[in-house]
Amino acid sequence: MRAPIALVDCNNFYASCERVFRPRLHGLPVVVLSNNDGCVIARSQEAIDLGITMGMPAHHIPPETRRHGLELCSSNYELYGDMSARVLATLHTFTPLVEPYSIDESWLGFEGFDTSTLAAHCHDLRHTVHRWTGLPVSVGIAPTRTLAKLANRHAKKHPGTGGVFMLEGVHHPETQALLARTPVGDIWGIGGRVAVRLQALGIDTALALAQAQPSWLRQQFSVVLERTARELCGINCIEMNDAPDSRKMIMTSRSFGKVTSNRRDIEEAVRAHASNSALRLRAQRSLAGAVMVMLRTNPHMRHLSQDHTRITLPLPWPTDNTFDIVRTAQNALARLWKPQRIVYQKCGVQLMDLVDIDGQQLDVFQTPQSNDERQRSDHLMATLDQLNARFGRHTVTVGMQRSDADWQLRCAYRSNRWTTRWDELPGARLT
DNA sequence: TCTGGGGTCCTAGGACCC
DNA sequence: TCTGGGGTCCTAGGACCC
């Protein structure tokens, strides 16, 4: 087969991260909750076995699971992000072609590798990642990404594989058998809606989808499904891209710790989200052309009046300046604000029309910013970022942003940020 | 009391133009 | 009776992913 693709995926990533520095959690059911301790977003195998499902609201977790030693964790993205970077660094020692896909998954390319020893190479990779980071991973190897996803699931499900599974050629009986066993809804790229429609047409396994006429799939569904079907046949439709493009939009949104109709609180949250989006914008060296502010009530509280509203305002010129972005976001909020008392649950600030900082182009209607202004702004932002990096994220903020306000997230069960904070480093006792 | 956040891509349909 | 047609751009919404 042509140069295969591997998918490396950390097993139960967030739950596994929680265990690395707290060995007593091994063997216990561990659950990681979303922001605001809202719902379940990760589970250890023991928690899965207790029937705790993905997305289950925290207050629906059956109380009897506590008897089994259930450990609840608030999400600790600082820890997960750092652990993810360690895994990535390890992967780079095994192949130059590494394309991060999500916080816990990467695609690996093996151009020029000897395929007869590739599986052994990946077993070595798996052991090394575990030794260097403490995290268990699974590896699926196949001619296309869609097949690598299937191979990875197989590796994870069957301990006999030792955590690494390489799909032989597409026409190999073993591959055909795997496709025949895979429900169509378990294929990467096929969600609930499309799965139901496919099943109604009698296509209920990966094998049936692979055997369907691509042009018919395109006509009945979309080019996306057509590509998926081709990938199942071993035809690569998604090229490797190890230099990921920068983001096309940047969004920061959070639920409030407590629902609120207090305008001052919401203004404060909007300032914080706008500042955070601007920081991420500078990190990827882009400028934004517009700001969108979104405000939403709690859709689960049907007895209260509902409001889901947003507005987009242009920035005076493409900018990464926190002050300009915060000011525009505040103006947007003022325009959105309704005089009736509405209880809001969430707000967000999205930066749009992003352009590369080095290749920016002005719109005919935009006021150019003088070089002088531009330099002053760059200098100010660099100083702001340095202070916040050195002394903590909230050292210098635009307007008031209290860290203990009601709108701030709840996170009652957060573990230490073991690897990124001096005052939270793990300790060892010598006996 | 209590139900996440951040992305991408595709498509349909409206506005507008000639 | 009978009211063009085709291209492009933009936006909103759907679907999916982790």
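Applying the 4.0 Å criterion to OP1 and OP2 of dG6(B), one finds that Gln350(A) has every side-chain N and O outside that range. The phosphate of dC18(C) has OP1 or OP2 within less than 4.0 Å of a side-chain N or O from Lys149(A). The side chain of Arg310(A) places no N or O atom within less than 4.0 Å of a non-bridging phosphate oxygen (OP1 or OP2) of dA12(C). Remark: Ser253(A) is in phosphate contact with dG6(B), judged by side-chain N or O atoms under 4.0 Å from OP1 or OP2. Contact annotation: Arg193(A) side-chain N/O to dC17(C) OP1/OP2 distance is not under 4.0 Å. Dashed line: the shortest gap from a side-chain N or O of Lys258(A) to OP1 or OP2 of dC2(B) is not under 4.0 Å. Contact check, Ser255(A) against dG5(B): a side-chain N or O comes under 4.0 Å of OP1 or OP2. Here Arg254(A) reaches the OP1 or OP2 of dG6(B): one of its side-chain N or O atoms lies under 4.0 Å away.
Note on Ser75(A): nothing from the nucleic acid sits closer than 4.0 angstrom, heavy atoms only. Within 4.0 Å of Arg197(A), counting heavy atoms only, lies no atom of the nucleic acid at all. Contact annotation for Leu409(A): no contact, since no heavy-atom pair falls under 4.0 Å across all strands. Among the protein residues, Met56(A) comes within range of no part of the nucleic acid, since none of its heavy atoms lies under 4.0 Å from any strand. Within the nucleic acid shown, Gly192(A) comes within 4.0 Å of sugar-phosphate atoms alone, with no base atom in reach, counting heavy atoms only.
Mapped onto DNA chain B by nearest heavy atom, Val223(A) and Asn36(A) fall at different nucleotides, with Asn36(A) at the one closer to the 5' end.
Between Tyr344(A) and the options Thr260(A), Asp307(A), Asn298(A), a side-chain hydrogen bond (donor to acceptor under 3.5 Å, both in side chains) holds for only Asp307(A).
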